[in-house]
Amino acid sequence: MLRIYNTLTGKKEPFEPLAPKTVRMYVCGVTVYDYCHIGHARSALVFDVIRRYLESSKYRVEFVKNFTDVDDKIIKRANEQGVACEAITTKYIDAYHEDMGKLGVRPASIEPKATEHIADIIELAKMLLAKGLAYQVDGDVYFDVAKYPEYGRLSKRRLDDLQAGARVDVDERKRDPMDFALWKSAKPGEPAWPSPWGQGRPGWHIECSAMSMKHLGETFDIHGGGMDLIFPHHENEIAQSCGATGKEFARYWIHNGFVQINKEKMSKSLGNFFTIREIFEKSEWPEDITGEILRYFLLSTHYHGPLDFSDQALNEAKNTLNGFYDLLVTRLAEPDQNSSTDRELGGAVERCKLAFQAAMDDDFNTTGALAAFQGLKTDINKLLSKGLSTEARKIARQAFRTIGNVLGLFQLDKWQFSSTSKITAFKEVSVSESLSAGMEESAAVLKSEQLPDTEIEAKIAERAEAKKKKDFKRADAIRKELNALGITIEDKPDGTSRWKR
RNA sequence: GGCGCCGUACCCAAGUGGUAAGGGAGCAGUCUGCAAAACUGCGAUGCGGCGGUUCGAACCCGCCCGGCGCCUCCA
């Protein structure tokens with residue numbers, strides 16, 4: 001039985017969707033005015049995994065994730081560059097898909113844009129005005145928070161406690177400082193749509209209410225996003241949605257914690273952020289391996305807590321994955337006639353499945369889920385040493401692939417083990433540096449990539465000959481030579497050797 | 001001023017009442033010509049501090065200390 005921590009109630013609750021075997025879920029995406037950073041990646045990944053787990057639990061998941069494509073920051077960016085807003089939003093929506101794709105984040109079932117739902121937004125605002133929950137000032141429409149008595153139930157705040165104007169000037173035209181705009185009148189040079197209140201554009205919060213209700217119905221199951229959206233964004237969504245329909249809006253609210261740098265929130269305003277593409281660019285690993293490392297790193301902490309980003313953390317994730325992929329692409333790929341432990345494999349896989357499911361059922365505890373894979377890894381390594389047939393090895397490999405698919409891990413067929421490469425997101429690489437010191441560091445991997453397998457095999461054969469003749473000096477020299485190229489040789493008990501980059 | 005999150009071994013990190021998962025690093029052993037990998041063992045009598053509730057607390061309550069976040073836009 002799946003249990004989810006619900007921000008609305010502050011408790012872990014059993015999850016029961018409104019309609020049997022169907023989950024309707026809405027996640028707040030990004031405002032598309034710049035490249036995404038690793039914090040956006042965490043959020044996208046967390047909900048991607050939640051979606052995958054629900055699907056693997058035999059739910060049909062209707063997953064809506066929006067793009068905010070009308071906003072002050074977009075307008076500012078467009079004006080700076082002297083281009084239309086659409087040029088900005090199109091560019092960064094494409095970049096979003098590209099970056100998230102590298103992380104293995106699947107597109108949502110529906111990815112609506114605010115600008116494509118202006119009519120729905122206007123309808124919602126009209127409804128709120130008609131119900132007396134909103135009011136008009138000049139060409140603006142504001143939600144009247146005083147008319148929604150439950151305002152603050154998500155963020156656990158009371159209106160009286162909020163320090164209005166603490167950090168921003170209060171608009172004197174509003175009845176309450178907490179009232180928020182549903183519709184903003186157009187200023188010159190801004191994108192605008194006709195409305196009953198004149199030319200204008202939607203406020204930020206209303207698009208999510210309009211789009212979620214349009215695509216998922218007035219009441220749906222899960223609404224998610226980053227912690228920073230709890231107030232005011234999600235609070236306001238609840239107020240205007242419930243105010244308009246008189247029904248409950250989203251039933252389970254899920255919020256992911258922040259990615260931090262040195263214990264501080266990663267954010268644009270602090271300037272302490274790393275974009276996803278920047279990390280891929282600075283990584284010395286191939287793209288698919290870097291993606292796997294990032295994914296493992298982001299899932300190694302429970303989604304609700306903070307997660308500190310550092311080169312060390314990334315490289316630890318790499319080391320851990322080395323252990324998995326050594327098993328998956330090296331040891332399990334070796335043929336064997338000995339089937340003496342084949343019948344024990346099923347039990348090991350079953351144990352992993354159960355442990356995995358128990359962890360994921362407990363509020364999507366991906367940390368525990370990864371521990372389940374560690375258990376399977378250890379079990380299979382033991383079986384291998386006692387004898388596991390080629391056929392059983394394929395089954396073992398498939399188990400990792402199948403269960404791992406829920407986390408989007410363990411799908412790669414190739415891996416690089418070399419310990420000379422790194423991810424150094426923090427290192428500022430200048431051109432001259434990369435030509436000297438930086439190059440040296442990654443030189444081994446570059447060389448090993450260029451070296452054809454056949455040449456390596458030839459060297460290995462030569463070394464085997466030397467070993468046979470007890471010419472260990474020669475054998476060690478060859479090993480050292482290959483090692484300098486980032487290739488590790490492992491001798492097996494039968495006198496043959498395996499190698500890996 | 002209000003609300004909230006976090007503080008578990010060298011590092012990362014699960015665990016929300018029943019006696020501390022897992023990983024990384026390290027050390028020792030098995031294996032090996034050596035090495036690597038794998039496997040085995042070692043590693044917090046203690047979970048920021050002090051009290052309290054309980055047969056029993058990392059987990060509940062109170063106070064305190066430290067770090068962070070939100071109350072502008074923010075995943």
Side-chain angles (χ1 to χ4, degrees), chain A residues 7 10 12 27-31 33 36-47 71-73 152 155-169 177-178 204 224-233 235 255-260 262-270 273 296-297 300-302 304-308 310 312-313 315-324 326-327 330-331 355 359 362 365-375 377-378 380-382 384-386 417 467 470-473 475-476 479-480 483 488-493 497-500:
Chain A
T7 309
K12 262 187 218 174
V27 171
C28 289
V30 294
T31 302
Y33 73 104
C36 287
H37 58 59
I38 191 72
H40 300 116
R42 184 183 194 195
S43 188
L45 182 54
V46 160
F47 290 103
D71 162 270
D72 289 348
K73 293 186 293 293
S155 57
K156 317 282 186 284
R157 288 157 210 251
R158 292 179 305 148
L159 230 30
D160 306 341
D161 293 337
L162 292 169
Q163 213 175 32
R167 293 162 73 187
V168 72
D169 291 337
M178 282 302 128
W204 176 35
M227 290 274 190
D228 46 1
L229 298 181
I230 295 172
F231 190 91
H233 185 54
E235 195 69 72
H255 294 97
N256 65 277
F258 298 126
V259 174
Q260 313 185 130
N262 295 324
K263 310 278 182 198
E264 277 191 329
K265 178 185 173 182
M266 177 185 286
S267 72
K268 288 274 167 65
S269 46
L270 287 171
F273 63 91
Y296 193 96
F297 161 69
S300 62
T301 299
H302 183 84
H304 201 254
L307 172 57
D308 228 58
S310 68
Q312 190 196 329
N315 289 307
E316 277 189 13
K318 172 65 170 60
N319 287 340
T320 305
L321 283 165
N322 280 347
F324 281 112
D326 189 38
L327 175 65
T330 311
R331 307 194 74 197
D362 184 14
N365 190 338
T366 52
T367 317
L370 292 175
F373 283 109
Q374 291 289 352
K377 187 195 84 173
T378 302
I380 292 179
N381 269 323
K382 284 183 200 169
L384 277 172
S385 62
K386 288 188 239 163
F417 297 90
K467 276 178 67 180
K470 304 274 184 206
D471 181 1
F472 296 121
K473 212 172 168 184
D476 290 351
R479 181 168 59 201
K480 208 175 163 192
N483 209 292
T488 308
I489 294 179
E490 293 172 10
D491 291 339
K492 293 191 282 184
S497 307
R498 71 166 75 93
W499 63 275
K500 57 195 187 190

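Here is the naming used below: chain letters follow the sequence lines, and residue numbers restart at 1 for every chain. Small disclaimer: the values here were computed from a predicted structure and weren't measured.
- For the C1' atom pair drawn from B:rC31 and B:rA36, the interatomic distance equals 12 Å after rounding to whole Å.
- Between A:Tyr296 and A:Phe324, the ring planes lie tilted relative to each other; the angle falls in the 30° to 60° range.
- In terms of modelled atom types and a separation under 3.5 Å, the side chain of A:Arg498 and the main chain of A:Arg331 share no donor-acceptor contact.
- Contact of the A:Glu490 side chain with the A:Trp499 side chain is not registered, since no non-hydrogen atoms from C-beta on lie closer than 4.5 Å.
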Give me, pair by pair, the N or O atoms of the protein and of nucleotides 32-36 of chain B that are less than 3.5 Å apart, along with how far apart they are.
unit_1: B:rG33; atom_1: N1; unit_2: A:Asp476; atom_2: OD1; d: 3.0
unit_1: B:rG33; atom_1: N2; unit_2: A:Asp476; atom_2: OD1; d: 3.4
unit_1: B:rG33; atom_1: N2; unit_2: A:Asp476; atom_2: OD2; d: 2.7
unit_1: B:rC34; atom_1: O2; unit_2: A:Arg479; atom_2: NH2; d: 2.3
unit_1: B:rC34; atom_1: N3; unit_2: A:Arg479; atom_2: NH1; d: 3.0
unit_1: B:rC34; atom_1: N3; unit_2: A:Arg479; atom_2: NH2; d: 3.4
unit_1: B:rC34; atom_1: N4; unit_2: A:Asp491; atom_2: OD2; d: 2.6
unit_1: B:rA35; atom_1: N6; unit_2: A:Asp491; atom_2: O; d: 3.4
unit_1: B:rA35; atom_1: N1; unit_2: A:Asp491; atom_2: N; d: 2.9
unit_1: B:rA35; atom_1: N3; unit_2: A:Arg479; atom_2: NH1; d: 3.1

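- Note on A:Phe373: nothing from the nucleic acid sits closer than 4.0 angstrom, heavy atoms only.
- Checking B:rA13, B:rC71, B:rA37 against the side-chain heavy atoms of A:Thr367 singles out B:rA13 as nearest.
- Salt bridge annotation for A:Glu235-A:Arg157: absent, with no cationic side-chain nitrogen under 4.0 angstrom from a carboxylate oxygen.
- Taking atom C1' on both B:rG23 and B:rG62, the two are 36 Å apart, rounded to the nearest angstrom.
- Remark: A:Lys268 qualifies as a cation-pi partner of A:Tyr33 under the 6.0 Å distance and 45° angle criteria applied to the six-membered ring.
- Between A:Glu235 atom CD and B:rG2 atom C1' there is a gap of 14 Å when expressed in whole angstrom units.
- Atom-to-atom distance recorded for A:Thr488:OG1 and A:Arg479:CZ is 10.5 Å, nearest 0.5 angstrom.
- A:Val259 comes within 4.0 angstrom of a base, heavy atoms only.
- Taking every side-chain heavy atom of A:Thr301 into account, B:rA13 is the closest of B:rG69, B:rU16, B:rA13.
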field: Verdict with supporting geometry, A:Asp308 and A:Lys263, salt bridge (charged side-chain N to carboxylate O under 4.0 Å, His left out)
entry: CA-CA 6 Å; A:Asp308 228 58; A:Lys263 310 278 182 198; 5.2 Å; no
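- Using atom P as the reference point in both B:rG49 and B:rA9, the two lie 10 Å apart (nearest Å).
- The distance between atom NZ of A:Lys377 and atom C1' of B:rA21, rounded to the nearest whole Å, is 15 Å.
- Residue whose closest nucleotide on RNA chain B sits further toward the 5' end, between A:Leu370 and A:Phe47: A:Leu370.
- Looking at A:Asn365, its side chain does come within 3.5 Å of a backbone N or O of A:Thr367 through a donor-acceptor pair.
- Residue side chain A:Gln374 does not reach the base of B:rG23 through any donor-acceptor N/O pair under 3.5 Å, judged by distance alone.
- A:Thr378 comes within 4.0 angstrom of the backbone, heavy atoms only, and of no base.
- Looking only at side-chain heavy atoms (C-beta outward), A:Gln374 and A:Thr320 come within less than 4.5 Å of each other.
- Listed candidates were B:rG67, B:rA14, B:rC70. Nearest to the side chain of A:Lys265 is B:rC70.
- In this structure, the OH atom of A:Tyr296 is 12 Å from the C1' atom of B:rA14, given to the nearest Å.
- Rounded to a whole angstrom, the distance from the P atom of B:rC73 to that of B:rC68 is 23 Å.
- For the P atoms, the distance from B:rC11 to B:rC47 is 16 Å, rounded to whole Å.
- Both A:Asp308 and A:Asp228 lie near RNA chain B, and the one whose nearest nucleotide falls closer to the 5' end is A:Asp308.
- For A:Phe47, there are no ring-ring contact (aromatic ring centres under 6.0 Å, His included) partners, not counting sequence neighbours.
- Defined by atom type and a distance below 3.5 Å, a donor-acceptor pair is present between the side-chain atoms of A:Ser43 and A:Asn256.
- Ranking B:rC71, B:rG23, B:rC6 by closeness to the A:Pro306 side chain, first place goes to B:rC6.
- At the heavy-atom level, A:Gly225 lies under 4.0 Å from the strands shown only through sugar-phosphate atoms.
- Atom-to-atom, CD of A:Gln312 to P of B:rC11 comes out at 10 Å; the value is rounded to the nearest Å.
- If you take atom P in B:rA25 and the same atom in B:rG33, they sit 26 Å apart, rounded to whole Å.
- Nearest to the side chain of A:Val30, among B:rA75, B:rG15, B:rG69, sits B:rA75.
- Across the P atoms, B:rC3 and B:rU45 are found 37 Å apart, a figure rounded to whole Å.
- Among the nucleotides B:rC71, B:rG15, B:rA75, the one closest to any side-chain atom of A:Asp362 is B:rG15.
- The separation between A:Lys382 atom NZ and B:rA38 atom P is 14 Å, rounded to whole Å.
- Phosphate proximity of B:rG15 to A:Asn365: present, with a side-chain N or O under 4.0 Å from OP1 or OP2.
- Within 4.0 Å of A:Gly305, counting heavy atoms only, lies no atom of the nucleic acid at all.
- Put simply, CD on A:Gln260 is 9 Å from C1' on B:rG67, counting in whole angstrom units.
- When the C1' atom is used for both B:rU54 and B:rU16, the distance is 16 Å, rounded to whole Å.
- Side chain to side chain, A:Asn381 and A:Lys377 fail the donor-acceptor criterion of an N or O pair below 3.5 Å.
- Following rounding to the nearest Å, A:Asn256 (CG) and B:rA75 (P) show an atom-to-atom distance of 10 Å.
- RNA chain B forms stems at B:1-7 with B:65-71, B:10-12 with B:22-24, B:26-30 with B:38-42, B:48-52 with B:60-64, each a run of 3 or more consecutive Watson-Crick or G-U wobble pairs whose two key distances fall under 3.5 Å.
- At whole-Å resolution of the value, CZ in A:Phe258 and C1' in B:rC73 are 12 Å apart.
- Which of B:rG2, B:rG23, B:rC73 sits closest to the side chain of A:Arg157 comes down to B:rG2.
- A:Asn319 comes within 4.0 angstrom of sugar-phosphate atoms only, judged by non-hydrogen atoms across all strands, and of no base.
- Residue A:His302 is in sugar-phosphate contact alone, with no base atom involved, counting any heavy-atom pair closer than 4.0 Å across all strands shown.
- Listed candidates were B:rG15, B:rC68, B:rA21. Nearest to the side chain of A:Glu264 is B:rC68.
- Judged purely by atom type and a 3.5 angstrom limit, A:Thr330 has no side-chain atom pairing as donor or acceptor with the backbone of A:Leu327.
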